[in-house]
> 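My questions will all concern the structure given below.
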Amino acid sequence: MTRIFIPLDSVAVALGADEVAEKLKAQDGVEVVRNGSRGMLWLEPLVEVETAKGRIAYGPVTGADVGSLLAAGFLEGADHALCLGLTEEIDFLKKQERLTFARCGVTDPLCLKDYKAHGDLSGLRKALALEPQDIAEEVMTSGLRGRGGAAFPAGIKWKTVLGATATQKYIVCNADEGDSGTFADRMIMEGDPYLLIEGMIIAGLGTGASKGFVYLRSEYPVAKAVFSEALENAYADGLLGDNILGSGKAFDLELFMGAGAYICGEETSLLDSLEGKRGQVRAKPPLPALEGLNGKPTLVHNVISLCAVPTILAEGGAFYKDYGMGRSTGTMPFQLAGNIKHGGLVEKAFGVSLRELVEGFGGGTRSGRAIKTAQVGGPLGAYIPPALMDTPMDYESFAKIGAGVGHGGIVLYDDTADMAAQAKYAFDFCAHESCGKCTPCRIGAVRGSEVMAKVIAGTDVHGNLELIDDLCEVMTDGSLCAMGGMTPIPVMSAIKHFPDDFLKGDKE
Amino acid sequence: MREGLEVTDAKAQNVGAMDALIAKYVGVQGGLMRALLALQEADGYIDASALPKLAAAFNLTKAEVKGVISFYDDFARAPKGEHVLRLCQAEACQAVGARELTQHACERADVAMGDTRMDGRITIEPVYCLGLCANGPAAMVDGKLKAAVGEADIDALLDAWEHEA
Ligand SMILES: Cc1cc2nc3c(=O)[nH]c(=O)nc-3n(C[C@H](O)[C@H](O)[C@H](O)COP(=O)(O)O)c2cc1C
Ligand code: SF4
Ligand code: FES
C-alpha cells in the first residue's frame with residue numbers, strides 16, 4: 001500500500017483536489033489520506049507520496065496531471081516536472097517555527113488515533129491533573145495574548161472567568177474570521193480540528209466552564225463539515241462529554257453557524273448572535289468574562305489563541321514565552337495573501353520583519369510588478385509602504401508605526417493599486433457591516449464614502465481631505481467599538497503614505 | 001469526510017414541514033438563528049409565511065423576527081436564481097483583479113451585482129472573503145468554492161448555465 005496525501009483544505013478543494021483524489025483512489029495499492037494543508041498555498045493541490053526517504057511533494061497537481069504522474073512512477077517518489085522533493089525540505093516550510101501548526105498537513109485531521117500518536121493529548125492530560133488556578137497560571141506565564149486582534153493578555157481573562165461565581169460558565173470560540181487576508185482559523189479547523197477541541201477543553205478546566213460553543217462563519221463550508229465530524233468523533237471517543245478521558249470531569253462542545261455578518265466577529269456582537277438575536281454590539285462593561293453568553297461568565301477567544309493552549313500546557317508556559325520578543329510572546333501564524341507570488345501560512349515567532357515575510361517567504365508580488373503596499377491586520381488595519389517594511393512583526397513595533405498585527409493577515413498590492421479607491425472601500429465596508437448602534441460609525445462611514453468619492457472625482461480635493469480628517473477623528477473618538485473606531489486607520493494610513501493617489505484628481 | 005453528515009430539512013415550506021422544523025429549535029441556544037439558518041438552507045430563502053410562526057415559537061414580535069432576518073446577509077427574503085454565483089469583493093481579491101472580474105461577470109451575465117436576473121436563472125452576489133485570500137480571485141459557485149478564478153472560467157460557467165436544458 002502506498003499512502004498518498006491530498007489535502008481536504010478549502011484552497012486545495014477550490015483548485016480541484018477532489019478530482020485528483022477520486023482518480024488516485026481508483027488506483028490499485030493506493031491509500032488516499034485527505035490531510036490538512038501544509039500552508040504552501042500557491043502549490044495547492046499539493047500531493048504527497050509516502051516513501052522510505054520521507055514524504056515527497058508534487059504540486060500544483062490537477063486531475064489532468066494524474067496520468068503523467070503515474071506514468072513517471074510518482075507512486076515510488078520518482079521525478080516529474082511537478083516534483084518538489086521532500087516536503088519537509090522545502091524552504092518555505094523549513095524556515096518556519098511551527099508550534100500551533102506542527103501537525104497541520106502532517107496527520108489525517110479526522111483520525112483521533114493519528115492525533116494521539118502526534119502529541120498524545122499531553123496538554124489535556126496535564127491539565128486534568130492540575131487545579132484550575134494552576135492551569136490559568138500556566139497561560140499567564142506563557143504571555144499569550146489574544147490572536148483575534150485586540151491582543152489582550154489571555155491569562156488575565158482566564159483568571160477573571162475563573163474568579164467569577166456562577167451556576168454556568170461558557171467558553172466561546174470566535175471562528176468568525178471575517179478579515180480579508182486571513183485564513184489561519186479556517187486552516188487549523190480543517191487541518192487539525194482536535195487541537196481546537198483540546199484547547200477548548202483545557203480552557204473549560206482552567207476557568208470552571210463546562211460548556212463551549214464554536215461560532216463559525218458560514219463562508220467556511222469545508223471547515224463546517226470537518227469540524228462537525230471531529231466533534232462527533234470526539235464524543236464517540238469520550239474526549240468530550242461527561243467523563244473526559246475517564247477523569248470524571250465534563251465538557252460539552254457545540255458548533256454554531258453565523259450568517260454572513262462581519263460585525264459578529266466582535267465578541268459582544270457574537271454573543272448576541274449566539275443568543276439568536278441581531279448581532280448588535282454591547283456596551284462594555286460588563287465584560288463578557290463576567291456577563292457574557294446568557295449573562296453568564298464567558299471566556300471568548302479566537303481559534304488561534306485556543307489552539308496555542310495545548311502546547312502551553314504540554315511544554316509549559318515558559319517554553320512558549322521563549323519564542324517572540326518583548327511582550328509579544330510565542331508564535332503567530334502569519335497569512336500571506338493578495339497579490340503575492342508565494343501565498344500561504346507562515347508560523348514564526350513574533351519579531352520577523354514584514355519584509356522577510358512578503359519578500360523572503362512571499363517572493364514579492366504575483367504579478368511580478370513592484371510592491372506598492374501591504375495591508376496588515378484585516379480591513380481595519382493600516383496600509384504600510386515599502387519604506388516601513390523592515391518593521392518587526394510584533395505588537396509594540398507595529399503600534400509605533402500606527403499599525404497593528406491584528407489576526408496576522410497580510411495583503412500585498414502591486415503598483416497598480418489605487419489607494420484612494422482602497423480608502424473609499426474602507427468606508428464602504430464599514431457602512432455595509434456597521435451594526436448601526438452608534439452614530440459616528442453608522443452615519444460617518446456613509447459620509448466618508450461620499451466625501452472620498454468627491455476626492456476621487458477631483459472636487460475640492462484639499463477641502464474634502466480636511467473633512468475626511470475631521471470625520472476620522474470623530475469616528476476614532478466616538479465609536480462604541482473598533483468597527484467604527486478603527487476604520488480611520490486604513491483610510492488615514494493610505495492618505496499619509498500615498499498622498500499622490502489622492503491628489504491626482506485635483507484640478508486646481 | 002463522511003457524506004450525509006447533516007440531515008437537512010429539505011424544502012421546509014413545500015412539504016408543510018415548517019412547524020416541525022421551527023419546533024426543533026425552540027429552547028435551544030440561539031434557537032431563532034438556528035431556525036432561520038435551517039429555513040434558509042431548506043428553501044433558499046425565508047418565506048414570509050414563516051414570520052408569524054417564528055414569532056409565536058420564540059415569543060417575539062414579528063418586527064423583532066424581521067429585525068434579525070434583515071441583520072444578516074445570508075438570509076434572503078425572496079428566492080434566488082437557479083444558479084448563484086458569489087464573487088469575493090474583499091481586499092485580498094481586489095489586489096488580484098476582483099473588481100474587474102466582477103464587472104466582467106455582471107456584464108456577461110446581464111445582471112447587476114446583488115441581483116437576480118429577470119428570467120430567474122442567475123443571481124450574482126457579493127461575498128466578503130471566503131478564506132481563499134492567497135489564491136484569489138475567489139468565488140462560490142452554487143455553494144462550491146473556486147479559487148484563482150479568471151474571466152475564462154466565468155465565461156465557461158455562464159455558457160454552461162445558459163445552455164443547460
Ligand atoms: C469589527 C470587529 C471584528 C472582529 N472580528 C473578529 C474575528 O473575526 N475573529 C476574532 O477572533 N476576533 C475578532 N474580533 C475581536 C473580538 O472582539 C475579540 O477581541 C476576540 O474574539 C477575543 O479573543 P482573543 O482574546 O483570543 O483575541 C473583532 C473585533 C471587531 C471590533
Ligand atoms: S462602531 Fe459601528 S459596529 Fe461598532 S457599535 Fe458602533 S455602529 Fe456598531
Ligand atoms: S479576500 Fe477574497 S477570499 Fe479572502
Side-chain angles (χ1 to χ4, degrees), chain A residues 8 10-11 13-15 34 41-42 44 110 177-183 186 213 218-223 225-226 228-229 254 256-262 273-279 294 335-340 343-344 366-367 375 379 409 411-414 417 422 425 429 432-433 435, chain B residues 1-3 5-6 25 28-38 40-41 54 58 60 64-75 86 88-99 125-136 138-141 143-149:
Chain A
L8 51 64
S10 290
V11 168
V13 169
L15 291 168
R34 300 302 302 267
L41 297 177
W42 79 99
E44 293 291 356
L110 283 166
E177 198 167 59
D179 288 2
S180 165
T182 66
F183 41 78
R186 175 186 67 63
F213 290 94
S218 62
E219 292 84 350
Y220 284 179
V222 177
V226 173
S228 304
E229 189 170 339
E254 260 185 75
F256 191 97
M257 297 307 293
Y262 176 77
S273 185
L274 197 41
E275 290 175 10
K277 303 174 190 157
R278 292 164 67 88
N294 306 327
Q335 300 128 82
L336 308 181
N339 195 331
I340 193 144
R366 191 201 292 176
S367 62
Q375 187 181 24
V411 177
L412 199 65
Y413 290 79
D414 73 9
Q422 296 311 121
Y425 173 81
F429 185 69
H432 183 251
E433 303 293 346
C435 85
Chain B
M1 247 178 295
R2 206 150 16 104
E3 273 155 47
L5 206 68
E6 244 187 47
Y25 298 98
V28 304
Q29 183 68 46
L32 176 59
M33 274 288 279
R34 288 181 164 175
L36 289 169
L37 284 162
Q40 173 71 38
E41 188 166 333
L54 288 162
F58 293 98
L60 297 166
E64 284 171 315
V65 175
K66 255 192 198 160
V68 176
I69 295 172
S70 67
F71 190 86
Y72 298 94
D73 282 358
D74 285 1
F75 300 142
R86 305 179 79 189
C88 179
Q89 303 296 303
E91 290 94 328
C93 286
Q94 291 169 7
V96 287
R99 289 194 183 96
E125 294 182 336
V127 58
Y128 294 89
C129 193
L130 293 162
L132 306 173
C133 328
N135 306 72
M140 198 181 246
V141 178
K144 288 212 160 64
L145 295 170
K146 298 280 172 205
V149 179

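Quick note on labels: first sequence line is chain A, next is B, and so on, each numbered from 1.
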> Checking the side chain of A/N339 only, and the main-chain atoms of A/R366 only, is there a donor and an acceptor separated by less than 3.5 Å?
yes
> Need one label for A/L41: side chain, backbone, both or neither, based on atoms under 4.5 Å from any heavy atom in chain B.
both
> Top residue by heavy-atom pair count (under 4.5 Å) with chain B, among A/G178, A/G344, A/A261, A/G181?
A/G181
> Counting heavy atoms not belonging to A/K277, are there more than 12 under 6.0 Å from its NZ?
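Above 12, so yes.
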> Using modelled atom types and a 3.5 Å cut-off, is there a donor and acceptor pairing between side-chain atoms of A/E219 and backbone atoms of B/Y128?
no
> When only pairs under 4.5 Å are counted, which of B/K146, B/M33, B/E91 shares the most heavy-atom pairs with chain A?
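The option with the most such pairs is B/E91.
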> Go through B/Q89, B/Q94, B/E64 and name the one with the most non-hydrogen pairs under 4.5 angstrom from chain A.
B/Q94
> Examine whether an atom of A/P221 lies under 4.5 Å from a heavy atom of chain B, and if so say whether it belongs to the side chain, the backbone or both; otherwise answer neither.
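The side chain, not the backbone.
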> Of the backbone (N, CA, C, O) and the side chain (C-beta and beyond), which part of B/L37 lies under 4.5 Å from a heavy atom of chain A, both, or neither?
side chain
> Heavy-atom pairs under 4.5 Å with chain A - which of B/D74, B/V65, B/V127 has more of them than the others?
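The residue among B/D74, B/V65, B/V127 with the greatest pair count is B/D74.
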> Relative to chain A, which of B/C93, B/G131, B/A90 shows the most heavy atom pairs under 4.5 Å?
B/G131
> Would you mind checking which part of A/Q335 comes under 4.5 Å of any heavy atom in chain B, side chain (CB onward), backbone (N, CA, C, O), both or neither?
neither
> Calculate, to the nearest 0.5 Å, the distance between atoms CZ and CG belonging to A/R34 and A/L110 respectively.
11.0 Å
> Within the 4.5 Å heavy-atom criterion, are A/D179 and A/Y262 side-chain neighbours or not?
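Yes - at least one pair of side-chain heavy atoms lies under 4.5 Å apart.
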> Let me know if A/E44 has heavy atoms under 4.5 Å from chain B in its side chain, its backbone, both or neither.
neither
> For each of A/Q375, A/H432, A/E433, tally heavy-atom pairs with chain B at distances under 4.5 Å, and name the one with the top tally.
A/H432
> Backbone N or O of B/L36 within a donor-acceptor pair of the B/Y25 side chain at under 3.5 Å?
no
> Take B/V68 and A/R278 through the side-chain contact (heavy atoms from CB on, under 4.5 Å) test and state the conclusion after the steps.
CA-CA 5 Å; B/V68 176; A/R278 292 164 67 88; 4.2 Å; yes
> Given that the side chain runs from C-beta out, which part of A/T182 has a heavy atom under 4.5 Å from chain B: side chain, backbone, both or neither?
backbone
> Check whether A/S367 gets within reach of chain B through its side chain, its backbone, both or neither, counting any heavy atom under 4.5 Å.
neither
> Could you tell me which portion of A/E177 (side chain, backbone, both or neither) has an atom closer than 4.5 angstrom to a non-hydrogen atom of chain B?
neither
> Only pairs of heavy atoms separated by less than 4.5 Å count here; which of A/G409, A/G279, A/A417, A/C435 has the most with chain B?
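Among A/G409, A/G279, A/A417, A/C435, the one with the most close pairs to chain B is A/G279.
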> Could you give the distance from CD (B/Q40) to OG (A/S218), rounded to the nearest 0.5 Å?
9.5 Å
> Where the side chain of A/S180 meets the backbone of B/A92, is there a donor-acceptor pair that is under 3.5 Å apart?
yes
> Between atom CG of B/L32 and atom CG of B/L54, what is the distance when rounded to the nearest 0.5 Å?
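It comes to 6.0 Å.
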> Could you tell me which of B/G31, B/C133, B/C88 has the largest number of non-hydrogen atom pairs under 4.5 Å with chain A?
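Option with the top pair count is B/C133.
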> Quick one: pull up OG in A/S273 and CZ in B/F71 and give me the separation to the nearest 0.5 Å.
8.0 Å
> Identify which of A/G338, A/G343, A/A223 forms the greatest number of heavy-atom pairs closer than 4.5 Å to chain B.
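Of A/G338, A/G343, A/A223, A/G338 has the most heavy-atom pairs under 4.5 Å with chain B.
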